[in-house]
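As a basis for the values below, the full set of heavy atoms in this structure was taken, side chains included, without hydrogen atoms, waters or symmetry mates. Along the sequence shown, residues are numbered consecutively beginning with 1.
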Amino acid sequence: MAILGLGYAGFGSDALDDWRQFGTGLVGLQAIERGNSLLAFRMDDRKQRIVIDRAQGEGTRFFGWEVADATALDALAARLERAGVAVTSEPQTLADARRVRGLISFRDPAGNRLEAFHGAEIDDTPFKPGRSISGFRTGALGLGHAVLTVEHIAPVMSFYVDVLGFGLSDYIEKPFRACFFHVNARHHSLALIETGSNGMHHLMVELFSLDDVGQAYDVAQQEDRVNVTLGRHTNDLMTSFYARSPSAFMVECGWGGREIDPANWTPFEMHDGPSLWGHERVWLSAEDRAVAREMRMRAASEGKRAPVQVMEGNFRLMSGTCPWWDGVKAES
């Protein structure tokens with residue numbers, strides 16, 4: 001795969017003070033001031049992982065996907081152009097602002113700005129979390145994952161799988177339609193939810209300690225920021241909650257995500273919903289919340305446990321295709 005991982009993400013917002021407090025006091029990121037209009041966050045040895053830019057309008061977003069080197073970046077640009085995708089070779093000034101050596105940009109079919117880069121800069125000072133936490137799980141797994149809402153999944157899915165080379169991990173049909181994609185051993189670095197509109201759903205960061213997540217949950221409850229209650233996912237096994245960020249999307253704080261072997265992975269449909277327990281989603285309609293709740297109650301009545309589902313195959317394994325789109329491949 002040309003794409004190694006989700007290297008960084010950026011969002012437009014003029015609520016820099018709110019973001020500073022949210023990022024440091026709740027999530028545990030390290031804030032780095034970059035002038036009057038830009039706030040960056042560190043979460044490991046890299047100079048920045050998340051950027052909040054006052055100069056860009058609310059709702060603006062970009063995602064930086066990492067490749068190995070300049071040769072890989074050129075190969076990706078050529079692959080995109082062969083697929084009819086417009087590619088911009090960004091100037092060094094923007095690469096410097098992103099704290100990388102080389103940078104290109106393009107858009108997916110839903111209009112999201114994507115950037116591909118190589119040579120992320122490493123800071124010469126240790127990461128200092130905004131609150132007392134054990135740290136974030138990044139490295140070869142990347143920043144975490146991004147989840148986007150889309151009007152229709154099929155064309156966006158085709159772009160990520162067939163053009164960019166993402167692999168389908170799994171998908172669900174109820175209580176909403178969603179697909180999950182991997183580019184490395186993290187179960188998914190990207191997911192798409194079909195909602196009828198294009199937008200940003202959430203950004204996930206994974207912490208080293210479950211207690212870090214629990215304490216963040218306490219902070220989120222005190223600040224009335226809980227949008228999805230504490231729970232455990234069926235597919236990546238993450239124990240997490242979702243906090244309402246100062247912008248119009250959520251940040252998922254999680255722990256215990258599974259790793260997969262991309263070379264030997266077969267995508268499957270999940271029939272037990274997105275969560276084994278918890279994760280009451282206040283953003284769903286009353287009807288869909290009832291469906292999700294019923295699925296969780298059924299899982300509880302059947303005594304389902306995540307390790308058993310994974311190891312003994314209680315998920316119905318699929319042949320690598322989705323019934324609503326025949327073009328899906330397990331790997332590109």
Side-chain angles (χ1 to χ4, degrees), residues 3-13 16 19-35 37-54 56 60-68 90 94-103 105 112-131 133-148 183-186 188-190 200-209 212-213 216 238 240 242-243 245-247 249-255 257:
I3 304 293
L4 300 178
L6 179 61
Y8 58 79
F11 307 95
S13 174
L16 296 191
W19 263 107
R20 185 182 299 103
Q21 177 59 37
F22 175 80
T24 60
L26 193 154
V27 183
L29 303 166
Q30 177 183 354
I32 304 294
E33 305 292 342
R34 302 215 188 278
S37 66
L38 194 142
L39 176 66
F41 290 107
R42 288 183 61 191
M43 58 192 304
D44 53 15
D45 61 349
R46 295 201 176 180
K47 286 196 172 181
Q48 62 187 33
R49 285 287 195 175
I50 300 171
V51 174
I52 309 299
D53 191 348
R54 191 199 304 272
Q56 299 193 37
T60 303
R61 55 190 176 272
F62 57 86
F63 304 95
W65 295 97
E66 185 168 10
V67 299
E90 296 293 351
L94 184 58
D96 290 344
R98 298 287 194 260
R99 299 308 195 260
V100 301
R101 288 199 187 95
L103 184 69
S105 67
N112 295 291
R113 178 183 169 91
L114 307 182
E115 300 177 355
F117 72 93
H118 75 93
E121 294 182 11
I122 304 301
D123 205 302
D124 57 5
T125 61
F127 165 64
K128 297 180 180 179
R131 64 179 179 87
I133 60 170
S134 55
F136 295 94
R137 191 174 178 217
T138 56
L141 300 177
L143 181 162
H145 71 234
V147 177
L148 307 173
V183 294
N184 52 44
R186 191 183 290 281
H188 61 278
S189 295
L190 174 75
M200 178 72 189
H201 189 268
H202 75 265
L203 184 73
M204 188 283 295
V205 296
E206 185 176 1
L207 294 108
F208 281 132
S209 168
D212 292 338
V213 174
M238 191 82 70
S240 66
Y242 297 61
S245 81
S247 296
F249 64 90
M250 297 178 288
V251 172
E252 179 184 8
C253 296
W255 168 84

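For the side-chain contact (heavy atoms from CB on, under 4.5 Å) test, residues two or more places apart in sequence or in another chain that qualify with Trp65 are Ile3, Leu6, Phe63, Leu114, Phe166, Val183, Ser189, Leu190. When the side-chain hydrogen bond (donor to acceptor under 3.5 Å, both in side chains) test is applied to Gln48, the partners found at least two apart in sequence or on another chain are Arg34. Every ring pair (Phe, Tyr, Trp, His ring centres under 6.0 Å) that Phe22 has, sequence neighbours left out, goes to Trp19. Under the ring pair (Phe, Tyr, Trp, His ring centres under 6.0 Å) criterion, His201 pairs with Trp283, sequence neighbours left out. Not counting sequence neighbours, the partners of Ala216 by the side-chain contact (heavy atoms from CB on, under 4.5 Å) test are Leu26, Arg131, Phe241. Listed by chain and residue number, Ile122 satisfy the side-chain contact (heavy atoms from CB on, under 4.5 Å) test with Asp45 (two or more places apart in sequence, or in another chain). Residues passing the salt bridge (Lys or Arg N to Asp or Glu O under 4.0 Å) test with Arg137, sequence neighbours excluded: Glu206, Glu259. Shown here are the side-chain hydrogen bond (donor to acceptor under 3.5 Å, both in side chains) partners of Asp96, two or more places apart in sequence or in another chain: Gln92. Checked against ring pair (Phe, Tyr, Trp, His ring centres under 6.0 Å), Phe117 has the following partners two or more places apart in sequence or in another chain: Tyr8. A search for salt bridge (Lys or Arg N to Asp or Glu O under 4.0 Å) contacts involving Arg20 returns Asp17, Glu33, not counting sequence neighbours. Remark: Gln56 engages Asp53 in a side-chain hydrogen bond (donor to acceptor under 3.5 Å, both in side chains) (not counting sequence neighbours). By the side-chain hydrogen bond (donor to acceptor under 3.5 Å, both in side chains) test, Arg99 is found to be paired with no residue, residues two or more places apart in sequence or in another chain being considered.
Between the side chain of Ser245 and the backbone N or O of Ser247, at least one donor-acceptor pair lies under 3.5 Å. Of the possible polar contacts, none joining the Asp212 side chain to the Ile133 backbone as a donor-acceptor pair under 3.5 Å is found. When atom types are taken as modelled, the side chain of Arg42 and the backbone of Ala31 share no donor-acceptor pair closer than 3.5 angstrom. The main-chain N or O of Gly5 is never found under 3.5 Å from a side-chain atom of Glu66 such that the two would form a donor-acceptor pair.
Taken to the nearest 0.5 Å, the OH atom of Tyr242 stands 3.5 Å off from the CD atom of Glu252. Interatomic distance, Leu148 CG to Asn112 CG, rounded to the nearest 0.5 Å: 5.0 Å. We find the CZ-OG1 distance between Phe62 and Thr60 to be 9.5 Å, quoted to the nearest 0.5 Å. Note that the CZ atom of Phe136 and the CZ atom of Phe127 stand 5.0 Å from one another [nearest 0.5 Å].
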side-chain contact (heavy atoms from CB on, under 4.5 Å) between Asn184 and Leu4: does it pass, once the steps are laid out? CA-CA 6 Å; Asn184 52 44; Leu4 300 178; 6.0 Å; no
How far apart are the C-alpha atoms of Glu90 and Glu115, what are their side-chain angles, what is the distance that settles it, and do they pass the side-chain contact (heavy atoms from CB on, under 4.5 Å) test?
CA-CA 9 Å; Glu90 296 293 351; Glu115 300 177 355; 5.7 Å; no
inquiry  = Run Leu203 and Ile50 through side-chain contact (heavy atoms from CB on, under 4.5 Å) and show every step you take.
reply    = CA-CA 10 Å; Leu203 184 73; Ile50 300 171; 3.8 Å; yes
List the steps and the verdict of side-chain contact (heavy atoms from CB on, under 4.5 Å) for Phe11 and Met200.
CA-CA 10 Å; Phe11 307 95; Met200 178 72 189; 3.9 Å; yes
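Closest approach of Ser209 to Trp255, counting heavy atoms only: C-CD1, 3.4 Å. Leu143 and Arg49 make their closest contact through CD1-O, 3.2 Å (heavy atoms, listed as atom of the first residue, atom of the second, distance). When every heavy atom of Val100 is checked against every heavy atom of Ala120, the shortest pair comes out as CG1-CA, 4.1 Å. Closest of all the heavy-atom pairs between Ile52 and Ser13 is CG2-CB, 3.8 Å. Taking each heavy atom of Thr138 and Asp44 in turn, the nearest pair found is OG1-OD2, 2.8 Å.
Inter-residue side-chain proximity for Met204 and Met238 is flagged as met; some heavy-atom pair is nearer than 4.5 Å.
The local environment of CZ in Arg113 is crowded, with over 12 non-hydrogen atoms from other residues, nucleotides or ligands closer than 6.0 Å.
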